[in-house]
Enquirer: 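Dumping the structure here so I can ask a few things about it.
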Amino acid sequence: MTIDSFTYALHVLGALIWVGGMFFAWMVLRPATVSTLAGPARLTLWLEVFRRFFHWVWVAVLLLPISGVAMLDSRFGGFAGAPQYVQIMMGLYLAMLALFLRVQMLQLPQLRQAVSREDWPAGVDALGKIRRLLGFNLLLGLSLVAIAAARANI
Ligand code: HEM
């Protein structure tokens, strides 16, 4: 295994963990909790889910640009030689990072405070905002992976 193929594997694993985790949360866990849990239990569960999942998102958020920039050097001789789909990848990464940081810094503390105060309406409001941002980030992530895999220079 070369250093480049090892870096590539780390990069794809980072993408898999982040985008796959969001897909599972949005498409599977969200409808399952809506149909089985009442408000307080649901909010408490989501708080714990985000706390654990976001540790892994932080790993992916750091791993992706580090491995990506290493591949930029080894494969394309730096930023200037990067094909258009890699430049799109970097742009979408920044958008995904901004949405993730927004949830981590603003909405998650709101949800945590609402749950600790047992203020369920405020908790439902905070969770609704997280759901929308996470759904949008999932769409960005899926588009990014499709563009990268197709090497689509759009
Ligand atoms: C600063 C951020 C990033 C940089 C510099 C970067 C850079 C790169 C580079 C150089 C490649 C190799 C392209 C090739 O050899 O044709 C690559 C592949 C890939 N990247 Fe990124 N990337 C970044 C962020 C992301 C993100 C956020 C995701 C998904 C969440 C992602 C998903 C992928 C995937 C799935 C591939 C494999 C494409 C394939 O060969 O089929 N990247 N990236």
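Just so you know, ligand 1 is whichever comes first in the structure, and atom 1 is the first atom listed for that ligand.
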Enquirer: What residue and atom, counting heavy atoms only, is the protein's closest point to atom 37 (C) of ligand 1, and at what distance?
Expert: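 Checking every protein heavy atom, the shortest distance to atom 37 (C) of ligand 1 gives Tyr8 OH, 3.7 Å.
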Enquirer: Counting each atom of ligand 1 from 1 as listed, which ones have a heavy atom of Arg75 under 4.0 Å away?
Expert: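 Per the distance check, 12 (C), 14 (C), 15 (O).
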Enquirer: With heavy-atom distances below 4.0 Å as the criterion, list the atoms of ligand 1 near Tyr85.
Expert: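 Here the atoms of ligand 1 in question are 13 (C), 14 (C), 16 (O).
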Enquirer: So which heavy atom in the protein is nearest atom 20 (N) of ligand 1, and how far is it from that ligand atom?
Expert: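 It is His11 NE2, 2.8 Å.
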Enquirer: Side chain of Tyr93, backbone of Val61: donor and acceptor closer than 3.5 Å?
Expert: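 Checked: pair present.
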Enquirer: Write out the residue and atom name of the closest protein heavy atom to atom 9 (C) of ligand 1, then the distance separating them to 0.1 Å.
Expert: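 Result: Met71 CE, 3.8 Å.
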Enquirer: Do the side chains of Leu134 and Arg30 get nearer than 4.5 Å, heavy atoms only?
Expert: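 Counting from C-beta outward, Arg30 and Leu134 never come under 4.5 Å.
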Enquirer: Of the backbone and side-chain N, O or S atoms of Met89, does one lie nearer to atom 21 (Fe) of ligand 1 than 2.8 Å?
Expert: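 Given the 2.8 Å cut-off, Met89 counts as a ligand of atom 21 (Fe) of ligand 1.
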Enquirer: Less than 4.5 Å apart, any side-chain heavy atom of Phe6 and any of Leu10?
Expert: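 Side-chain contact under 4.5 Å: yes.
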Enquirer: Arg151 heavy atoms, cut-off 4.0 Å: which ligand 1 atoms fall inside?
Expert: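 Reading through ligand 1 atom by atom, the close ones are 14 (C), 15 (O), 16 (O), 39 (C), 40 (O), 41 (O).
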Enquirer: Any non-hydrogen side-chain atom of Trp26 less than 4.5 Å from a side-chain atom of Arg131?
Expert: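 Yes; the side chains approach each other to less than 4.5 Å.
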Enquirer: Check this for me - ligand 1, Trp18, N or O atoms closer than 3.5 angstrom, yes or no?
Expert: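 No, Trp18 has no N/O under 3.5 Å of an N/O on ligand 1.
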Enquirer: Can a non-hydrogen atom of Ala149 be found less than 4.0 Å from any atom of ligand 1?
Expert: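 Right, Ala149 reaches ligand 1.
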Enquirer: Is the Phe54 to Trp58 ring centre distance short of 6.0 Å?
Expert: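 Between Phe54 and Trp58, the centre distance exceeds or equals 6.0 Å.
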Enquirer: Have a look at Phe50 and tell me which of Val57, Leu127, Val103 forms a side-chain contact (heavy atoms from CB on, under 4.5 Å) with it.
Expert: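 By the side-chain contact (heavy atoms from CB on, under 4.5 Å) criterion, Phe50 pairs with just one of Val57, Leu127, Val103: Leu127.
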Enquirer: I'd like to check Leu138 versus Leu142 (side-chain heavy atoms, cut-off strictly below 4.5 Å). Are they in contact?
Expert: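 Sidechains of Leu142 and Leu138: in contact.
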Enquirer: Quick one: which ligand 1 atoms are inside 4.0 Å of a heavy atom on Phe76?
Expert: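 By the 4.0 Å cutoff, the relevant atoms are 10 (C), 14 (C), 15 (O), 16 (O).
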Enquirer: Given side chains that start at C-beta, do those of Leu63 and His11 come closer than 4.5 Å, heavy atoms only?
Expert: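 Sidechains of His11 and Leu63: no contact.
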Enquirer: What are the atoms of ligand 1, with element, lying closer than 4.0 Å to any heavy atom of Met90?
Expert: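 Result: 1 (C), 4 (C), 5 (C).
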Enquirer: Heavy atoms, side chains only, cut-off 4.5 Å: are Arg112 and Leu108 in contact?
Expert: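 When only atoms from C-beta onward are counted, Leu108 and Arg112 do touch, with a gap below 4.5 Å.
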Enquirer: Counting only heavy atoms, which portion of Leu92 has something under 4.0 Å from ligand 1: side chain, backbone, both, or neither?
Expert: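 It is neither; nothing of Leu92 touches ligand 1.
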Enquirer: Got Val115 and Trp120 here, is their nearest side-chain heavy-atom distance under 4.5 Å?
Expert: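 Side-chain contact under 4.5 Å: yes.
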Enquirer: Under 3.5 Å, side chain of Ser5 to main-chain N/O of Met1, donor-acceptor pair present?
Expert: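 Not confirmed, Ser5 side chain does not pair with Met1 backbone.
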Enquirer: Could you tell me, atom by atom, which parts of ligand 1 come under 4.0 Å of a heavy atom of Pro65?
Expert: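 Near Pro65, the atoms of ligand 1 are 1 (C), 2 (C).
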Enquirer: Looking only at protein heavy atoms, which one is nearest to atom 28 (C) of ligand 1, and what is the separation?
Expert: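 Residue, atom and distance for the closest contact: Leu144 CD2, 3.3 Å.
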Enquirer: Distance to 0.1 Å, residue and atom name: give those for the protein heavy atom nearest to atom 7 (C) of ligand 1.
Expert: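 Of every protein heavy atom, Gly68 CA, 3.5 Å lies nearest to atom 7 (C) of ligand 1.
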Enquirer: Please list, in number order, the atoms of ligand 1 under 4.0 Å from a heavy atom of Val19.
Expert: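 Counting atoms of ligand 1 from 1, those under 4.0 Å from Val19 are 30 (C).
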Enquirer: Please list, in number order, the atoms of ligand 1 under 4.0 Å from a heavy atom of Ala15.
Expert: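 Contacts of ligand 1 toward Ala15, numbered from 1: 29 (C), 30 (C), 32 (C).
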Enquirer: List the closest protein heavy-atom neighbour of atom 36 (C) of ligand 1: residue, atom name, distance to the nearest 0.1 Å.
Expert: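 The protein heavy atom lying closest is Ala148 CB, 3.9 Å.
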